[in-house]
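All remarks here apply to the structure that follows.
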Number of protein chains: 2
Amino acid sequence: MAKIATTVYEQIRTAILNGELSNSERLVEEDLAVSLGISRTPVREALRRLAAEGLVDVSPNRGARVAEWDVHDLREIFDLRSILESHACELATPRASAAEIEFLENICTEMEELARTDLSSETRLPALAAKNRIFHSKIIEMSNSTRLGLLIETLIHVPIVMQTYKVYSPDALARSLRHHREIVNAMKAGDEVWASSVMRAHVLAAREEILGQGQTE
Amino acid sequence: MAKIATTVYEQIRTAILNGELSNSERLVEEDLAVSLGISRTPVREALRRLAAEGLVDVSPNRGARVAEWDVHDLREIFDLRSILESHACELATPRASAAEIEFLENICTEMEELARTDLSSETRLPALAAKNRIFHSKIIEMSNSTRLGLLIETLIHVPIVMQTYKVYSPDALARSLRHHREIVNAMKAGDEVWASSVMRAHVLAAREEILGQGQTE
DNA sequence: ATGCCAATCTTTGTATACAAATAGAGAAAC
DNA sequence: GTTTCTCTATTTGTATACAAAGATTGGCAT
């Protein structure tokens with residue numbers, strides 16, 4: 001059996017990512033420990049790990065709270081993602097196998113089908129968001145750069161917690177899906193400049209959709 | 001007084017960065033604890049933090065060793081630094097104050113003076129490396145992007161541990177210093193494209209100096 | 001002598017106990 | 001009523017104790 005600390009780390013982590021813990025909620029070691037039926041030691045270890053990942057903030061002698069982000073954080077994150085994910089595309093393109101391209105195309109198709117379903121469906125947006133994450137993760141994996149993957153991973157969970165996908169307009173969603181298709185086409189053509197440019201545009205478009213334009217600070 | 005865990009974290013950290021701990025050396029919690037006159041608990045916390053930072057590797061039930069890197073790691077790191085640090089330049093240029101420009105110019109001058117001193121001096125290279133780090137850190141700080149700084153920081157300590165600066169030829173060193181000057185000039189001119197391009201070239205040149213050219217894998 | 005297995009010894013993982021620090025409630029002063 | 005101060009109650013930080021998992025050494029068989 002895996003270590004308790006790892007298990008509880010994953011539990012708290014997914015709880016935060018699913019938004020089950022309200023923003024800036026205090027995470028008291030003892031409380032978590034008794035509610036999970038374990039001692040404080042592994043809870044403490046889990047919280048420190050989450051802090052290193054940026055999902056919780058800990059102040060000395062004051063304990064941990066689930067982290068909070070503002071518009072400025074989001075702007076920084078999308079800026080960096082636009083750079084790093086486009087670089088991932090650049091690295092992935094010359095390495096892409098036919099099977100990998102097909103995998104990406106299938107996700108595109110699935111997302112397009114999901115987008116055509118009933119707009120009022122509550123599960124539609126989370127499902128799209130999940131597929132979207134798979135699409136991006138796949139390209140990062142294809143880039144074959146461990147560290148690039150790690151860097152992007154630390155950036156990605158903030159938008160997840162904030163559930164930024166909820167603000168997507170139908171137009172923006174359609175554009176996003178066209179971007180995905182275009183990225184795959186560019187990769188299929190072996191054109192890494194094209195692919196990385198579309199990816200950069202894709203992430204920057206998402207930034208503007210979520211943050212609105214203009215605000216400098 | 002600061003927390004013991006933080007103190008010991010910093011102690012182990014600087015020990016690793018200074019190369020005082022040999023590569024892949026085991027870090028036994030109990031041993032460290034008694035040698036520092038404390039209990040295992042804060043040592044353990046420090047080691048986990050270092051693991052999150054990538055400076056040590058921990059395997060379940062097997063403990064921690066100081067991390068090890070190979071040529072492939074270095075290649076990834078310099079690739080990413082070339083992108084991220086040039087982005088830092090781009091952000092920093094329109095924000096740069098006269099005082100900050102002057103600060104950077106002073107570092108350039110100090111490094112040039114150091115470079116002119118006796119080649120055989122043992123302390124010359126470490127001193128140059130230290131100034132070099134200050135130069136780069138200053139620009140990152142000027143970029144005013146917390147996260148960008150954090151990302152670069154996790155990349156930077158690997159070359160430090162490996163003491164890559166030791167392989168610099170006199171030619172490479174001279175070029176490196178000219179790059180620094182040119183970066184500052186570009187920033188002074190308010191030309192962020194120029195500045196970021198030189199920075200990118202600067203880091204890529206360092207990569208080739210350290211790794212040699214050609215090897216793809 | 002060499003390879004393999006078992007017992008032991010070391011080291012990590014978790015629980016508990018205690019000390020130190022902070023937050024919060026309540027009382028006193030204004 | 002409001003502010004501030006003190007005392008108490010919570011909560012974190014560290015130490016220690018114990019259990020479980022690995023590493024190691026010695027003996028046994030071949």
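Just so we're on the same page: letters track the sequence lines, and every chain starts at 1.
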What are the atom names and distances for every N/O pair under 3.5 Å that joins the protein to nucleotides 22-24 of chain D?
from, atom 1, to, atom 2, distance (Å)
dA23(D), OP1, R62(B), NE, 3.3

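- Whole-Å rounding puts the K3(A) NZ to dT12(C) P distance at 11 Å.
- At whole-Å resolution of the value, CD in E29(A) and C1' in dT22(C) are 14 Å apart.
- Summarising the geometry, the separation between CZ on R44(B) and C1' on dA15(D) is reported as 14 Å, rounded to the nearest angstrom.
- Atom pair R65(B):CZ and dT11(C):P shows a separation of 12 Å (rounding to whole Å applied).
- Counting all heavy atoms, side chain and backbone alike, M111(B) lies closest to L177(B) at CE-CD2, 3.7 Å.
- At a threshold of 4.5 Å between non-hydrogen side-chain atoms, the residues V203(B) and R207(B) do not count as touching.
- Residues F78(A) and I210(A) are in side-chain contact: their nearest non-hydrogen atoms beyond the backbone lie under 4.5 Å apart.
- Counting non-hydrogen atoms under 4.0 angstrom, E45(B) reaches nothing in the nucleic acid.
- R147(A) has a carboxylate O that lies under 4.0 Å from a charged side-chain N of D73(B), or vice versa, which qualifies the two as a salt bridge.
- The shortest side-chain heavy-atom distance between H202(A) and E85(A) does not fall under the 4.5 Å cut-off.
- Between R40(A) and dT16(C) there is no side-chain polar atom (N or O) within less than 4.0 angstrom of OP1 or OP2.
- A straight line from CD1 of I4(B) to P of dA19(C) spans 15 Å, rounded to a whole angstrom.
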Could you pull out all donor-acceptor pairs under 3.5 Å where a side-chain atom in residues 39-49 of chain A meets a protein atom, sequence neighbours excluded?
from, atom 1, to, atom 2, distance (Å)
S39(A), OG, T41(A), N, 3.3
R40(A), NE, E29(A), OE1, 3.0
R40(A), NH2, E29(A), OE1, 2.9
R44(A), NH1, E29(A), OE2, 2.9
R44(A), NH2, E45(B), OE1, 3.4
E45(A), OE1, R44(B), NH2, 3.4
E45(A), OE2, R48(B), NH2, 3.2
R48(A), NH2, E45(B), OE2, 3.1
R49(A), NH2, T6(A), OG1, 3.1

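- End-to-end axis angle of the helix from dA1(C)-dT30(D) to dC30(C)-dG1(D), from C1' rotation axes over five pairs per end: 0° (rounded to 10 degrees).
- With rounding to whole Å, L47(B) atom CG is found 13 Å from dT11(C) atom C1'.
- Side-chain atoms of E53(A) and Y9(A) form a donor-acceptor pair, as typed in the model, at a separation below 3.5 Å.
- In this structure, the CZ atom of R48(B) is 16 Å from the P atom of dT14(D), given to the nearest Å.
- An OP1 or OP2 oxygen of dT14(C) is reached within less than 4.0 angstrom by no side-chain nitrogen or oxygen of T41(A).
- Contact check on R95(B) versus E100(B) returns no salt bridge, with no Lys/Arg side-chain nitrogen under 4.0 Å from an Asp/Glu carboxylate oxygen.
- In this model, a donor atom of one side chain and an acceptor atom of the other lie less than 3.5 Å apart for N132(A) and H180(A).
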